[in-house]
Number of protein chains: 2
Amino acid sequence: MADVKHFDPDAALDAAMRLFWQRGTASTGVQDVVDATGLNRSSLYATFGSKQELYRATLERYVRSRSRLLLGPLEEDGGGLPAVREFFDRLIETRCTGEFARWGCMVSNAHAGGENGDPEVGAVLDRQHRQLCAALRTALGSAQRQGQLAAGTDPESAADVLALLAHGVNIRSRAGADARQLRATVTAAIGAVAPGA
Amino acid sequence: MADVKHFDPDAALDAAMRLFWQRGTASTGVQDVVDATGLNRSSLYATFGSKQELYRATLERYVRSRSRLLLGPLEEDGGGLPAVREFFDRLIETRCTGEFARWGCMVSNAHAGGENGDPEVGAVLDRQHRQLCAALRTALGSAQRQGQLAAGTDPESAADVLALLAHGVNIRSRAGADARQLRATVTAAIGAVAPGA
DNA sequence: CCCTTCTTGAACCGATGGTTCCAAGATATC
DNA sequence: GATATCTTGGAACCATCGGTTCAAGAAGGG
């Protein structure tokens with residue numbers, strides 16, 4: 001009865017995501033998206049509605065794919081302190097090397113870029129930050145139950161501190177901060193807020 | 001012989017600074033600057049050259065005025081641990097209340113906004129981060145000499161951790177993070193990385 | 001009052017912003 | 001193969017972008 005899409009919307013969304021991630025909303029023109037995705041303006045608007053809706057879609061794709069990739073292991077049962085250390089190792093690795101080096105985190109970038117002027121975007125940012133805190137809390141809680149933490153350590157406030165620290169890593173990585181330096185700092189931080197037993 | 005400027009360049013620079021600080025470079029048009037400063041395009045270009053040069057000028061004004069306001073007390077001799085606590089108190093106060101609430105830090109914003117594509121801007125960002133680390137190191141060093149720190153505390157790595165944490169505070173404040181929550185988290189962090197004697 | 005120097009407002013430039021529209025092309029059902 | 005329905009390509013839309021230019025006006029020194 002009808003025609004079907006001649007392109008892969010998921011691939012297009014991914015290409016657009018990378019654009020917004022790297023350069024932000026304001027610095028990315030619709031023409032840039034057209035060029036990067038290869039599809040036409042009409043198809044783009046027919047599929048995603050508007051630039052703002054497209055941005056929201058890419059942001060949600062980011063938190064569901066890229067963020068999940070990092071947070072997933074953290075939320076698994078019984079990860080404990082090693083899971084926390086591995087989370088930051090992988091975070092710094094991702095932020096400083098490979099194809100995403102110097103791109104930072106799309107969520108942190110959205111924070112600073114003021115994209116939260118859009119209430120829907122703001123809600124995503126808050127939710128994502130709470131999820132990061134919760135994931136760290138889960139891992140630190142399991143660390144405590146496994147007796148990995150020194151007595152008197154509070155997993156909740158430690159998780160909040162490390163979550164803020166993660167934002168700091170994301171920000172500094174955009175300026176090309178040295179991975180070794182970041183790793184050393186983060187290691188010191190973990191050792192201080194979540195000291196081993 | 002000639003005519004003299006009919007406006008105050010410093011006031012104009014300050015108005016432009018607020019614009020770039022709040023909304024970023026890409027989202028701020030020259031017309032916005034014209035409207036905010038009250039002076040016209042010609043005077044603006046005659047005085048500052050280009051939009052990019054104007055941005056650089058406002059960024060430097062920011063680090064020389066606003067940042068200095070926060071970092072100054074930290075660098076003074078003998079501030080010790082109380083100076084560190086006061087720095088974060090004032091940071092959070094500035095970021096969450098008053099006319100600059102939800103504006104974040106212009107330097108952190110520039111990081112995430114990718115403004116460091118301009119090498120001169122990137123240099124300012126790196127310099128400013130190093131200065132923040134150095135200021136914290138100074139205060140923590142004096143704390144150690146005054147016997148305020150527990151044995152085994154390393155002022156240098158503690159300073160690096162707190163500097164990253166400051167970026168985190170700046171970022172989260174843009175999303176309207178609760179000041180009390182931030183204060184509690186920061187207090188926990190200071191207590192962990194720079195425990196009192 | 002003249003003349004020089006600066007400021008000012010407005011118009012102008014090409015490029016680009018996001019968005020819409022319509023004819024042409026493609027496809028699955030009948 | 002005809003037809004209905006969707007996608008596609010491309011152009012056009014109108015506003016604004018950053019940046020430049022120019023003529024008129026204002027202000028000081030002679």
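Order of the sequence lines sets the chain letters (A, B, ...), proteins ahead of strands, with each chain counted from 1.
A heavy-atom distance below 4.0 Å to DNA chain C is reached by none of the residues of residues 16-24 of chain B. DNA chain C lies under 4.0 Å from at least one heavy atom of each of the following residues of residues 37-44 of chain A: A:R41, A:S42.
Both A:A46 and B:Q31 lie near DNA chain D, and the one whose nearest nucleotide falls closer to the 5' end is A:A46.
Here A:D118 pairs with A:R56 under the salt bridge (charged side-chain N to carboxylate O under 4.0 Å, His left out) rule; sequence neighbours left out. The side chain to side chain contact (heavy atoms under 4.5 Å, CB included) check on A:T138 picks up nothing, with sequence neighbours excluded. In terms of the side chain to side chain contact (heavy atoms under 4.5 Å, CB included) criterion, residue partners of A:Y45 (sequence neighbours excluded) are, by chain and number, A:V30.
Between A:D10 and A:R61, the closest side-chain pair of non-hydrogen atoms falls below 4.5 Å. Considering only heavy atoms from C-beta on, A:L136 stays 4.5 Å or farther from A:D160 through its side chain. Between A:T47 and A:L54, the closest side-chain pair of non-hydrogen atoms is not below 4.5 Å. Put simply, the side chain of A:D126 reaches to within 4.5 Å of the side chain of B:R172, judged on heavy atoms. No side-chain heavy atom of B:F7 sits less than 4.5 Å from a side-chain heavy atom of B:N40.
Atom CD in A:E53 sits roughly 14 Å away from atom P in C:dG18 (whole-Å rounding). As rounded to whole Å, 14 Å separates atom P of D:dG19 from atom CZ of B:F48. One atom, OH of A:Y45, and another, P of D:dT7, lie 17 Å apart when rounded to the nearest Å. If you measure from atom CG of B:D35 to atom P of D:dG18, you get 12 Å, rounded to the nearest angstrom. The nearest whole Å value for the distance from the OH atom in B:Y55 to the P atom in D:dG18 is 15 Å. If you measure from atom CZ of B:F7 to atom P of C:dT8, you get 6 Å, rounded to the nearest angstrom.
Between A:W21 and A:W103, the two ring planes are perpendicular [angle over 60°; tilted spans 30° to 60°].
Checking A:Q31 against A:R41 by side-chain atom types alone, a donor-acceptor pair falls below 3.5 Å.
For an aromatic pair to be called close, the ring centres must be under 6.0 Å apart, and B:H167 with B:H111 satisfies this.
Comparing the helix axis at one end of the helix from C:dC1-D:dG30 to C:dC30-D:dG1 with that at the other, each defined from 5 consecutive pairs, gives an inter-axis angle of 0° (nearest 10°).
Within the nucleic acid shown, B:S27 has no heavy atom closer than 4.0 Å to any nucleic acid atom. Among the protein residues, B:T28 comes within range of the sugar-phosphate backbone only, with heavy atoms under 4.0 Å from sugar or phosphate atoms but none that close to a base.
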